[in-house]
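Right, one structure below, let's go through it.
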Amino acid sequence: MAHNVAQKLISAHLVEGEMKIGEEIGLKIDQTLAQDATGTMVMLECEAMNLPHTKAEVSVQYVDHNLLQTDFKNADDHIFLRSACQKFGVWFSKPGNGVSHPVHMERFGIPGKTLLGSDSHTCAGGSLGMLAMGAGGIEVAMAMSGKAFHIKMPKIWGVRLTGKLPDWVSAKDIILELLRRHDVKGGLGKIIEYYGPGLKQLSAMDRHVIANMGAELGATASVFPSDKITLEFLKQQDRAEDWAELLADKNAKYDEYTEIDLSQLEPLIALPSSPGNVVPVREVAGKEIYQVMIGSSANPGMRDFAVPAMMVDGKQISDKVSFDINPTSRQILENLIEHKYLEKLVRAGGRIHQAGCNGCIGMGQAPATHKISLRTVPRNFPGRSGTKDDLVYLCGPETAAASALMGVITDPRTLNMAYPKFKEPKKIKINTLMLVEPPQNGSKVQLEKGPNIKPLPQFGELKSNISGPVLLKVGDNISTDTILPAGAEVLPYRSNIPAISEFVFSQLDKTYPERTKPYQKSGSIIIGGENYGQGSSREHAAIAPRYLGVEAVIAKNFARIHIQNLVDFGIVPLYFKNPKDYDDIQQEDILELSHIREAVQNSNEITVFNKTRNKSYVCEHHMSPRQIDVLLAGGLINTVKGKN
């Protein structure tokens with residue numbers, strides 16, 4: 001039987017279950033990564049499980065999110081992470097070395113391997129022919145302990161690329177076109193596999209752009225073949241020995257099909273405040289802008305800086321515009337200097353920031369009030385930039401640079417200049433100096449914890465009955481950024497659950513954390529719409545609500561990573577069987593889930609009684625027997641402790 005690339009990757013790592021769509025499968029994980037905003041929890045979880053040493057082939061901890069050191073918290077966390085890396089056998093990527101995903105691609109990614117990361121954009125690793133997936137930190141800690149990673153067998157969605165990209169159109173426009181067609185739920189329950197003759201003109205870093213933003217479609221993973229272009233990239237990185245060819249078999253089939261003729265694409269842009277709100281740039285051209293930001297894991301390659309540099313060479317950006325440049329890795333920064341591109345950006349008015357996530361995660365570079373910010377980042381969820389009522393547009397580097405020059409949103413095709421052609425250099429500077437290799441044995445290493453690092457809260461097993469008020473009812477596509485914001489104010493508390501819980505749903509309702517206090521022990525409930533929990537993999541968006549007493553979330557449906565995070569920390573996730581029941585339940589209604597322990601074990605249908613309205617609703621759970629055991633125990637850590 002002919003197999004596609006995704007099927008080959010799954011088959012090679014399958015340790016539990018069968019490859020039947022919708023059935024739970026367990027996969028062996030070869031590599032793990034964490035970033036500092038989620039990594040503190042990963043390391044605390046490793047400590048809680050008494051992990052002596054990672055069992056993954058490679059584990060890497062990156063410091064790329066919490067780079068602003070406005071007080072002691074982030075600095076203390078970085079010291080803690082370094083000590084944890086020494087103890088648990090994990091590589092440590094120092095602050096300023098760059099964003100986890102492109103650095104991992106440069107230094108550690110290997111075709112044919114599995115990669116699990118505590119960051120939703122871990123899927124970028126699919127650009128090298130890896131099966132790369134984002135997950136909550138506890139799942140990464142489990143993978144580091146040698147346990148399988150479980151997902152429901154996804155559909156494989158084949159996206160055939162044909163034709164050739166026109167001038168002024170690049171990889172970002174390809175993924176924006178998919179989002180334009182299918183929106184932010186289009187990839188739920190699917191692995192996206194790219195194939196076809198159009199692949200030949202996409203470099204490995206172009207593929208990274210596309211694979212990275214598969215997360216915005218809600219996909220489980222995005223996969224590219226490992227071909228001669230992959231080999232060229234690994235040769236450039238002095239890692240040719242890590243290459244292995246991995247191609248789809250001739251006549252391989254897919255569960256779903258989409259075709260994109262690259263020659264028909266034009267510059268695209270996602271309007272506020274969703275990556276799926278995509279239109280042609282020409283439709284919004286002329287709107288005045290305040291900020292342009294270039295960089296991030298969604299446009300990380302050298303060409304994504306070099307093309308804008310050539311566009312602004314010898315010119316000045318508009319005096320109304322802040323032109324922010326975020327190099328994605330220290331190595332790329334060095335090569336931009338070596339090839340004179342950085343000089344062009346600086347001379348034109350660029351503001352150069354350290355290599356890292358920076359403004360993408362709201363860690364600085366927040367835009368002005370009610371002013372448009374054009375960014376080459378992957379997400380524009382409300383308030384993610386650090387400004388509450390932000391106006392963030394997502395675009396490719398060509399549109400970003402053109403708009404910086406003109407001071408208004410500009411279709412780059414309207415510029416009176418030739419399209420600058422970039423050719424990837426065969427030889428580049430390699431930088432491994434900011435990667436700290438762990439010792440073989442870290443058993444004597446002491447973890448260094450600052451005063452902001454608090455122990456993981458202890459949660460009890462699932463109650464026999466759940467009864468409590470609906471303290472919040474939210475709409476569709478609520479992201480984890482909305483559940484628990486990022487940004488310079490909140491991120492430093494990622495290792496302190498009691499403190500960070502004070503920000504839960506603060507963007508929607510500042511009174512919510514205080515309103516939970518009377519029900520912190522007795523329990524409360526959240527009602528959600530479609531695609532609840534989309535976006536970031538941050539498990540804090542489950543842990544902090546659980547700490548505040550949330551015992552159940554009832555929604556029309558859930559994002560993949562977040563529903564697993566809810567189960568992993570003992571929160572019951574239920575689906576409305578009849579979506580219209582969502583309209584009937586109001587905030588402050590008292591709901592009862594009677595005999596819930598027995599109910600989830602005996603049936604996938606759960607009756608929810610609304611005491612306020614004297615009505616019952618039929619809901620469903622979609623948990624596997626393994627997930628039910630985790631839920632009953634009150635979470636994955638309790639499960640592990642019970643088994644040990």
Side-chain angles (χ1 to χ4, degrees), residues 31-47 54 58-108 115 117-122 124 134 137 140-141 144 295-297 300 326-334 353-365 431-438 442 445 447-450 452-453 486-488 490-496 500 536-540:
Q31 299 185 353
T32 70
L33 71 78
Q35 38 89 341
D36 50 317
T38 56
T40 49
M41 270 302 135
V42 172
M43 297 307 180
L44 288 169
E45 287 154 355
C46 287
E47 180 190 28
T54 180
V58 174
S59 291
V60 191
Q61 170 67 59
Y62 296 90
V63 177
D64 60 3
H65 277 56
N66 289 354
L67 295 178
L68 287 184
Q69 295 180 200
T70 56
D71 62 18
F72 65 91
K73 298 186 194 70
N74 288 342
D76 281 1
D77 281 1
H78 298 164
I79 291 171
F80 165 67
L81 288 172
R82 186 187 181 282
S83 69
C85 287
Q86 296 283 300
K87 187 171 186 65
F88 301 128
V90 178
W91 284 81
F92 181 66
S93 179
K94 293 164 66 175
N97 194 39
V99 180
S100 61
H101 313 301
V103 176
H104 201 89
M105 186 176 172
E106 289 169 349
R107 302 272 57 86
F108 297 104
L115 169 65
S118 60
D119 188 287
S120 57
H121 289 118
T122 302
V140 175
M144 291 169 65
S296 91
S297 63
N326 291 318
T328 39
S329 75
R330 178 64 61 104
Q331 180 174 295
I332 286 173
L333 177 57
E334 285 193 22
H353 302 272
Q354 63 180 309
C357 299
N358 302 319
C360 176
I361 195 69
M363 189 57 67
Q365 300 162 266
N431 186 332
T432 61
L433 300 175
M434 296 185 73
L435 290 167
V436 181
E437 188 172 4
V445 174
L447 296 177
E448 299 182 52
K449 296 181 181 179
N452 187 49
I453 297 177
V490 182
L491 281 175
Y493 293 107
R494 285 291 183 92
S495 53
N496 185 336
I500 206 169
S536 163
S537 67
R538 65 193 70 161
E539 62 190 342
H540 302 73

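Numbers here simply count residues along the sequence, with the first being 1. Here the structure is a predicted model, which is why all the values come from computation and not from measurement.
With sequence neighbours excluded, no residue forms a side-chain hydrogen bond (donor to acceptor under 3.5 Å, both in side chains) with S537. F108 meets the ring-ring contact (aromatic ring centres under 6.0 Å, His included) test with W91, H104; sequence neighbours excluded.
With a 4.5 Å cut-off on side-chain heavy atoms, R107 and V60 do not count as touching. Side-chain atoms of M144 and V42, non-hydrogen and from C-beta on, do get closer than 4.5 Å to each other. The shortest distance between side-chain heavy atoms of M41 and V140 does not fall below 4.5 Å. Looking only at side-chain heavy atoms (C-beta outward), V63 and F92 come within less than 4.5 Å of each other.
Listed here is the closest heavy atom pair of Q61 and G39: OE1-CA, 3.5 Å. The two residues L447 and A84 make their nearest non-hydrogen contact at CD2-CA, 3.5 Å. Nearest heavy atom pair, residue R494 against residue A37, reads NH1-O, 3.0 Å. In terms of heavy atoms, I332 sits closest to P300 at CD1-O, 2.9 Å.
For the pair Q331 (side chain) and N431 (backbone), a donor-acceptor distance under 3.5 Å is present. For N358 (side chain) and Q354 (main-chain N/O), a donor-acceptor pair under 3.5 Å exists by modelled atom type. Judged by distance alone, with hydrogens and angles left aside, the side-chain atoms of R330 form no donor-acceptor pair with the main-chain N or O of A355 at under 3.5 Å. In this structure, the side chain of T38 engages the main chain of S118 through a donor-acceptor pair within 3.5 Å. For the pair N66 (side chain) and N74 (backbone), a donor-acceptor distance under 3.5 Å is absent. Between the Q69 side chain and the A75 main chain, no donor and acceptor come within less than 3.5 Å of each other.
Pairs engaging residues 73-95 under the salt bridge (Lys or Arg N to Asp or Glu O under 4.0 Å) rule: D71-K73 [sequence neighbours left out].
If you check the side chains of S59 and T54, you find a donor sitting under 3.5 Å from an acceptor.
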